[in-house]
Amino acid sequence: AMLLHDEGKLHDYRNQYLPYSREPFQLVSAVCHQHHFFLVTVSFDANSEQVFNDVRVYDSLINVVERHNRKVSRDTTAGQVLIQLQKFLSRFSFFSSSCNTLLENNKTYILNNAEYKACPQQYGTLDCGLFTLVALLHFVNDVPLDKNTFDQVQHISQLRRALYEV
């Protein structure tokens, strides 16, 4: 991690990210942690009473249909990623917004509305990157995503073959 001891550099970095505090935004990100990929989507608005909305995690190894609790907790990888996102936004985008005190005082605020969402499930442990890529493409193209949207045997295998042919 880069340390920003120079106030001028810190000011420059903050100015780059300040626009994210002025209007609503939606972040869609593929996350890789220890060789595992999953998708995170977060809608946020620093000027809203509820800063983070629709905080969702799509993970092809976590079957939410079978889970009783869909909440993302702080002791999960997804929870830690979201907490770091809140910390980043607080320090670099929302630092001059009225919501920043709330975010600084409640380090896990983003988790209040964070939940795992149903998505297609993989059979083994090697296809999470492809599942995440296909889920991301569905999401950004406004194609609904649920546990039956695509499957490993037909769709993921076709994608793998197509990628090898490129």
Side-chain angles (χ1 to χ4, degrees), residues 17 19-94 97 99-100 102-103 106-163:
Y17 296 104
Y20 296 108
S21 69
R22 296 189 180 129
E23 59 186 270
F25 278 93
Q26 183 169 42
L27 171 76
V28 179
S29 178
V31 176
C32 180
H33 180 264
Q34 296 183 348
H35 309 290
H36 178 59
F37 289 86
F38 56 93
L39 182 68
V40 171
T41 65
V42 180
S43 297
F44 60 88
D45 183 353
N47 302 307
S48 171
E49 188 174 305
Q50 186 173 332
V51 180
F52 298 107
N53 295 295
D54 299 323
V55 180
R56 299 174 179 163
V57 176
Y58 300 88
D59 190 329
S60 60
L61 285 179
I62 296 178
N63 190 341
V64 297
V65 175
E66 295 175 0
R67 289 173 65 101
H68 297 292
N69 184 6
R70 293 183 177 203
K71 296 291 290 173
V72 177
S73 66
R74 72 181 306 158
D75 62 338
T76 63
T77 299
Q80 288 301 305
V81 166
L82 291 169
I83 289 168
Q84 290 302 313
L85 173 62
Q86 175 180 317
K87 186 177 183 180
F88 174 84
L89 289 171
S90 175
R91 290 185 179 171
F92 288 95
S93 294
F94 300 166
S97 300
C99 71
N100 200 45
L102 169 68
L103 301 181
N106 185 349
K107 305 288 188 201
T108 61
Y109 178 79
I110 194 169
L111 298 180
N112 290 348
N113 294 318
E115 64 180 0
Y116 291 99
K117 297 299 282 185
C119 66
Q121 299 296 288
Q122 66 187 72
Y123 300 128
T125 58
L126 300 176
D127 291 325
C128 56
L130 292 175
F131 271 80
T132 300
L133 175 62
V134 174
L136 184 136
L137 291 172
H138 277 73
F139 192 84
V140 298
N141 287 299
D142 288 327
V143 176
L145 189 62
D146 65 29
K147 67 183 186 80
N148 298 312
T149 304
F150 56 88
D151 67 53
Q152 184 160 3
V153 174
Q154 181 181 2
H155 302 104
I156 297 299
S157 296
Q158 284 177 350
L159 176 61
R160 182 180 289 107
R161 280 191 298 276
L163 288 172

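Note that this is a predicted model, so its numbers are computed, not measured. Position 1 is the first residue of the sequence; numbering continues from there.
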Within a strict 4.5 Å, meaning less than it, do heavy atoms of the [X] and [Y] side chains meet?
X	Y	value
Leu145	Pro120	yes
Val28	Leu136	yes
Phe25	Leu89	no
Val81	Phe38	yes

Donor-acceptor pair, [X] side chain versus [Y] backbone, under 3.5 Å?
X	Y	value
Glu115	Arg70	no
Asp45	Gln50	no
Gln86	Asn106	yes
Ser93	Tyr20	no
Asn141	Leu137	yes

Euclidean distance, [Y] [atom2] relative to [X] [atom1], rounded to 0.5 Å:
X	Y	atom1	atom2	result
Ser73	Tyr116	OG	OH	6.0 Å
Gln121	Asn148	CD	CG	10.5 Å
Arg74	Thr108	CZ	OG1	5.5 Å
Phe139	Leu39	CZ	CG	7.0 Å
Asp59	Lys117	CG	NZ	14.5 Å
Phe94	Leu103	CZ	CG	7.0 Å

Nearest heavy-atom neighbours spanning [X] and [Y]:
X	Y	result
Leu82	Ile110	O-CG2, 3.5 Å
Thr132	Ala30	CG2-CB, 3.8 Å
Ser97	Ala46	OG-CB, 3.8 Å
Leu61	His36	CD1-CE1, 3.3 Å
Pro144	His138	O-CD2, 4.4 Å
Tyr109	Val51	OH-N, 3.5 Å

Problem - Test log, rule side chain to side chain contact (heavy atoms under 4.5 Å, CB included), inputs Phe92 and Lys87 - result: CA-CA 9 Å; Phe92 288 95; Lys87 186 177 183 180; over 6 Å; no
Exercise for the section: Go through the steps for Asn112 and Phe52 under the test side chain to side chain contact (heavy atoms under 4.5 Å, CB included), then give the verdict. Expected result: CA-CA 9 Å; Asn112 290 348; Phe52 298 107; over 6 Å; no
Practice task
Run the ring-centre check on Phe131 versus Tyr58 and record whether the distance is less than 6.0 Å.
Solution key: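 Aromatic pair excluded; centres sit 6.0 Å or further apart.
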Problem - Side-chain H-bond candidate by donor/acceptor type, Asp146 with Thr149, under 3.5 Å - result: yes
